[in-house]
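A note on names: the letters A, B, ... follow the listed sequences, proteins ahead of strands, and every chain is numbered from 1. From a predicted model like this one, the values you see are computed outputs, not experimental measurements. For the numbers below, each heavy atom of this structure counts, side chains included, while hydrogens, waters and symmetry mates do not.
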Amino acid sequence: MEIPKTYDPKQAEESHYSRWEAEGYFAPEINKDPAAPVYCIVIPPPNVTGSLHMGHALQHTVMDVLTRFHRMRGFRTLWVPGMDHAGISTQLVVERELRKEKLTRHDLGREKFTERVWQWKADSGGQITKQMRREGASVDWSRERFTMSEQLSRAVREFFVRCYEEGLIYRGEGIINWCPKDQTALSDLEVEKESQGGKLYYLQYPVKDSDRRVTVATTRPETMLGDTAVAVNPDDERYAGLVGSTLVLPLVGREIPVVADDFVDPAFGTGAVKVTPAHDPNDYALGQRHDLPQVRVIDQHARMTSEAGADFDGLDRYEAREKVVEKFEELGLLEKVVDYEFSISKCDRCRTVIEPLISTQWFMKQAELGRAPLELIKETHEPRFVPQTPYEKVYTDWLENLHDWTLSRQLWWGHRIPAWYDGEGNVYVARTEEDARAAAGTGELTQDPDVLDTWFSSALWPISTLGWPDETEDLKTFYPTDVLVTARDIIFLWVSRMMMTGMKFKGGKAFRDVFITGTILDKSGQRMSKMKQNGIDPLDVFDKYGVDATRLVLASVETTDTRWSDNQVEAYRNFANKIWNAARFCLLNSEGARVGKGFDGDPKSWALHDRWITSRLNRTARTMNEAITNYRFHEAVQTIYHFFWGDFCDWYIELSKTDVLADEPSPARDAARSRVLTVLEQALRLLHPFMPFITEELWQRLPGVGEDSLHPAYKDAKPTVMLAAYPEGDGRLIDDRAEAEMQAVIELVSRVRNIRTELSVKPSEEVRLVVGAGRNGQGDIFRANLPQIKRLTRAADISIEETLASVPRASARAVLGGGAEVAVPLEGLIDFEQERARVGREGEKLKKELEKVEAQLANPQFVERAPAEKVEELRARAEDIRRRSAALEQMLEALGQ
RNA sequence: GCCCACUUAACUCAGCGGUAGAGUGCUACCUUCACACGGUAGAAGUCGGAGGUUCGAAUCCUCCAGUGGGCACCA
């Protein structure tokens with residue numbers, strides 16, 4: 001059999017995915033056990049415009065590990081893939097395309113434009129699905145969903161209509177965030193606050209029929225043109241006499257009242273606030289409280305309106321700002337201008353400064369929908385957030401402070417609002433236009449031109465992907481889903497809303513757990529972003545190190561923010577190569593061997609290293625199950641890594657070589673070869689959820705794997721490690737004694753190797769060993785493993801004795817745990833002075849340790865209050881140290897004259 | 001302003017009440033018949049600082065400092 005010395009990830013990555021997909025392994029139908037437990041994840045749908053970034057790769061890895069793990073455990077497992085139409089983003093991308101042809105969407109008209117978007121989606125929207133296949137994501141492509149598909153659109157209309165009928169959705173006037181560039185309303189969550197250095201202008205407003213002036217402070221002087229009041233705190237004595245009086249708004253001449261309102265903080269600025277109800281959310285609310293008129297001085301393009309006066313009409317908001325300030329200065333009403341740091345709202349898509357405007361839009365009363373999820377989290381802590389801190393609190397706080405959600409967007413790409421108007425302006429909200437006509441009693445209807453916020457359809461994702469509003473089999477089987485894996489920045493936008501809709505329409509939580517991943521940062525700890533150009537393309541990493549290695553790094557990220565470093569991927573690339581070569585060794589020596597054979601009869605009759613590796617394997621399997629179930633992927637990766645490299649490669653294979661590499665075929669050789677193969681096969685299963693490609697590539701080559709290896713639920717499937725039963729770990733095979741005994745062998749070997757290195761004994765040179773095993777039974781352990789110890793220490797001869805009494809003076813010596821000793825006679829190589837120093841140093845170390853331990857044992861409070869087992873443990877340790885110290889003393893004597 | 005998280009070996013990170021860990025890097029030796037993307041051995045940390053609780057603290061509490069988040073109606 002030809003097996004290359006170096007693992008080539010590409011080869012494996014290209015050869016398995018399409019087969020898995022074609023054979024239907026990703027679909028839950030592959031599971032033929034009617035009683036199988038169910039496991040379901042719905043993917044956070046990436047934008048159609050998007051291509052894979054590290055965040056996706058991270059989330060997908062986590063989801064795939066969970067999916068593959070549960071599938072191997074025999075769950076009826078479904079991971080639903082899909083994409084989001086991503087309203088604004090997609091529209092912007094297509095508009096950019098049009099611009100190349102010197103066209104705008106208005107040149108095409110609505111219908112042609114949306115056709116164009118669909119075309120664009122068909123041409124290039126599938127990019128990310130290819131990339132997901134590259135990742136090895138075991139999603140069920142037969143259930144792929146798209147938020148704008150007919151079925152999901154129907155779900156959106158159903159949702160909208162029902163909410164409208166219950167009064168949860170309404171149309172009305174309100175102050176909303178308006179993006180002057182994208183020309184649409186935005187929800188609060190689509191606005192990003194950014195801190196910015198600016199100026200605070202102190203403007204003076206004259207009091208009518210008086211010389212007195214009131215100074216107000218503002219960062220936006222241009223809005224003063226729309227002021228309809230000045231507000232002060234009712235308890236502010238400075239303005240006590242002023243409340244109720246009239247000011248004359250400079251430049252405009254409008255007479256405006258001074259009102260009293262608790263909102264005003266007397267400590268800030270001058271304690272007097274100009275009130276512009278039409279252009280500031282707080283002023284809007286204040287205006288409503290005091291019944292103030294709304295004067296709209298800024299339009300949708302962020303230009304001043306005619307209401308702003310002839311001098312300003314048509315000016316850009318920033319030009320107007322300068323002009324207002326100039327005029328105040330001319331009038332002597334500009335008191336001062338100070339530098340000021342404040343936060344400004346920007347459109348999170350295009351970074352344009354948001355303009356709060358009064359506008360008629362569709363809104364949703366979230367407070368009512370949020371009540372059920374709020375009760376749930378408070379009473380049962382569901383969904384369970386991982387990590388619980390801080391996200392449960394973040395989520396709860398949000399639900400406690402829900403504001404109305406601006407639903408409508410002045411875009412063309414998205415779900416059109418299912419509302420129609422007749423000639424008189426009456427509204428008919430209906431599931432279809434026919435229904436609306438029927439309700440209106442006329443065919444002369446026009447549909448609302450606006451579309452819904454993208455997150456409206458996202459809110460339905462877990463139920464709509466499974467078939468809602470129809471009561472489908474999938475919905476019955478897979479809802480609620482088990483876990484939502486996502487990033488922390490969409491807990492409000494998405495997670496909370498899915499819970500609301502799920503509880504409202506399906507009567508149950510959308511998911512049991514919410515796993516919030518950490519963020520992958522660049523080398524200097526910065527978030528990766530397109531703007532900063534500091535992103536690392538996962539596809540480049542795949543190319544360089546392989547998908548499996550990258551997945552190990554990503555799985556290890558878990559929930560903490562992590563700086564990206566290629567080092568780690570390289571380490572796991574090396575690990576993949578190690579796996580490859582361990583398998584290569586097993587396969588090159590597999591004549592006569594089969595997976596599943598070799599471990600026969602009573603474990604008590606097995607050789608120590610066989611009992612040991614069996615114990616280690618089962619312990620590892622248990623830890624893996626525990627860790628993955630509890631989302632501790634880092635621990636799982638570390639565990640399997642050390643089992644494979646440390647236990648299996650460094651020790652088990654080495655200990656097995658004496659038998660495996662025997663020249664002549666024999667039942668013993670076959671058995672030894674079968675045993676390494678069997679352990680390897682189990683390890684590949686344990687690794688599979690993390691490293692799907694290399695494990696499948698190797699597993700397929702193992703002699704003796706087949707239908708029998710599969711989990712019973714997949715009896716009819718063809719052999720694949722994907723559907724092999726995940727080892728659970730058998731507690732009866734965990735053997736503490738075997739592990740302790742093996743530890744003694746390992747220590748002996750390590751100490752001898754240490755002596756060899758320190759005394760510069762050439763690796764090729766064989767030595768003689770004398771082991772002073774004492775009378776406590778360790779001699780038998782060493783005796784039973786003589787050939788292995790010989791091989792690993794490169795010893796020509798080993799004699800096991802009770803003490804080292806008969807050892808030549810010219811020997812290097814070491815003390816082992818439990819009081820055993822080892823000596824390496826090295827006539828001519830020993831410098832007695834140096835050797836005494838070496839042994840002496842070790843004695844010093846022990847002495848210090850003993851002092852510490854004895855001091856603790858001498859502390860009566862420790863002995864009284866610490867748990868008895870801890871005290872016992874420490875006493876045993878002290879005893880061990882004393883024994884070893886005594887042995888070292890004797891060695892010093894032997895080395896002396 | 002309020003809230004939260006993080007700070008452990010040169011680097012990236014585990015550990016979260018009972019002898020400081022891993023990978024990378026570093027040092028020495030080794031091209032030994034699975035693997036130099038390897039092997040063996042080794043050096044390396046007053047666990048951010050100061051207090052406190054405890055028989056015992058990297059781990060729990062308080063304060064401080066630095067870093068990074070989230071929230072907020074401060075014009």
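A gap of 14 Å separates the P atoms of B:A58 and B:C16, to the nearest Å. The gap from the P atom of B:G48 to that of B:C6 amounts to 12 Å, rounded to the nearest Å. For the P atom pair drawn from B:A20 and B:C47, the interatomic distance equals 11 Å after rounding to whole Å. Distance noted for atom P between B:A43 and B:C13: 26 Å (whole Å). B:A14 and B:U7 have their P atoms separated by 8 Å, with the value rounded to a whole Å. The C1' atoms of B:U53 and B:G42 are separated by 40 Å, rounded to the nearest whole Å. Across the C1' atoms, B:C74 and B:C4 are found 22 Å apart, a figure rounded to whole Å. Taking the P atom of each, B:C30 and B:A9 are spaced 33 Å apart, rounded to whole Å.
Going from atom CG of A:L857 over to atom P of B:G56 covers 15 Å, rounded to whole Å. Remark: P of B:C33 and CZ of A:R584 are 11 Å apart, rounded to the nearest angstrom. Note: CG (A:D650) to P (B:G39) measures 6 Å, nearest angstrom. A:D566 places its CG atom 19 Å from the P atom of B:G23, with the value rounded to the nearest Å. Straight-line distance from the CG atom of A:L554 to the P atom of B:G23: 20 Å, rounded to whole Å. Between the C1' atom of B:C37 and the CZ atom of A:F585 lies a distance of 19 Å, rounded to the nearest Å. Atom CD in A:Q638 sits about 7 Å away from atom C1' in B:A14, given to the nearest Å.
Comparing A:E758 and A:W645 by the nucleotide of RNA chain B whose heavy atom lies nearest to each, the residue mapping closer to the 5' end is A:W645. Comparing A:K870 and A:G269 by the nucleotide of RNA chain B that holds the closest heavy atom to each, the one mapping nearer the 5' end is A:K870.
For the pair A:K199 and A:Y340, the cation does not sit on the ring face, since its NZ or CZ is not both under 6.0 Å from the ring centre and inside 45° of the axis.
Nearest nucleotide to the side chain of A:H642, out of B:G18, B:U19, B:G23: B:G23. Residue A:T757 places its side chain closer to B:A41 than to any other of B:A34, B:A41, B:C37. The nucleotide whose nearest atom lies closest to any side-chain atom of A:E849 is, among B:U19, B:A34, B:C13, B:U19. When the nucleotides B:C30, B:A75, B:A41 are ranked by their closest atom to the side chain of A:N754, B:A41 comes out on top. Taking the side chain of A:P390 as heavy atoms from C-beta on, and the options B:A34, B:C4, B:G23, the nearest nucleotide is B:C4. Of the candidates B:G39, B:A75, B:U12, the closest approach to any side-chain atom of A:T219 belongs to B:A75.
In this structure, a donor-acceptor pair under 3.5 Å is absent between the side chains of A:R220 and A:T276. Side-chain contact of A:N233 with A:D265: a donor-acceptor pair under 3.5 Å is absent, judged by distance alone. A side-chain N or O of A:D227 and one of A:Y205 form a donor-acceptor pair less than 3.5 Å apart. Using modelled atom types and a 3.5 Å distance limit, the side chains of A:S524 and A:D522 yield a donor-acceptor pair.
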Once each nucleotide of nucleotides 69-74 of chain B is scored for protein heavy atoms under 4.0 Å, what B/S/- sequence comes out, 5' to 3'?
S-S-BB
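Contact check for A:Y202 versus A:T218: no side-chain heavy atoms found under the 4.5 Å cut-off. In this structure, the side chains of A:L677 and A:L702 come closer than 4.5 Å at one or more pairs of heavy atoms.
Counting any heavy atom pair closer than 4.0 Å across all strands shown, A:Y7 reaches no nucleic acid atom. Among the heavy atoms of the strands lying under 4.0 Å from A:P867 is at least one base atom, whether or not backbone atoms are also near. As judged by a 4.0 angstrom heavy-atom cut-off over every strand, A:S750 is placed among residues touching the sugar-phosphate backbone only. Looking at heavy-atom distances under 4.0 Å, A:A571 makes contact with sugar-phosphate atoms alone, never a base. At a threshold of 4.0 angstrom between heavy atoms, the contacts of A:E654 include nucleobase atoms, whether or not backbone atoms are also involved. Note on A:F342: only backbone sugar-phosphate atoms sit closer than 4.0 angstrom, heavy atoms only; bases stay farther off. Among the heavy atoms of the strands lying under 4.0 Å from A:R573 is at least one base atom, whether or not backbone atoms are also near. The residue A:E635 sits apart from the nucleic acid: no heavy atom pair falls under 4.0 Å. Residue-level contact check: A:C586 touches neither bases nor backbone, having no heavy atom under 4.0 Å from any strand. Residue A:N567 is in sugar-phosphate contact alone, with no base atom involved, counting any heavy-atom pair closer than 4.0 Å across all strands shown.
Dashed line: the shortest gap from a side-chain N or O of A:T560 to OP1 or OP2 of B:A14 is under 4.0 Å. A sub-4.0 Å separation between OP1 or OP2 of B:C35 and a side-chain N or O of A:K5 is present. When the side-chain nitrogen and oxygen atoms of A:K578 are compared with OP1 and OP2 of B:G39, one or more of them lie within a distance under 4.0 Å. An OP1 or OP2 oxygen of B:C33 is reached within less than 4.0 angstrom by no side-chain nitrogen or oxygen of A:K657. A sub-4.0 Å separation between OP1 or OP2 of B:C29 and a side-chain N or O of A:S760 is absent. Remark: A:N574 is not in phosphate contact with B:C35, judged by side-chain N or O atoms under 4.0 Å from OP1 or OP2. Between A:R563 and B:U12, a side-chain N or O to OP1/OP2 separation shorter than 4.0 Å is present. For B:C37, neither phosphate oxygen OP1 nor OP2 lies less than 4.0 angstrom from any side-chain nitrogen or oxygen of A:N581.
Base pairing of B:G42 is made with B:C26, judged by Watson-Crick or G-U wobble geometry with both donor-acceptor distances under 3.5 Å. Here B:G1 sits opposite B:C71 as a Watson-Crick or G-U wobble pair (both hydrogen-bonding atom distances under 3.5 Å). The partner of B:U62 is B:A50, by the rule that a Watson-Crick or G-U pair needs both atom distances under 3.5 Å.
Taking CG of A:L286 as the reference point, atom CG of A:D261 lies at 4.0 Å (rounded to 0.5 Å).
Shown are A:F644, A:W651, A:W645; of these, the side-chain contact (heavy atoms from CB on, under 4.5 Å) with A:F648 is made only by A:F644. Just one of A:F585, A:F575, A:Y7, A:F693 meets the ring-ring contact (aromatic ring centres under 6.0 Å, His included) condition when paired with A:W580; it is A:Y7.
Aromatic ring centres of A:F690 and A:Y572: separated by at least 6.0 Å.
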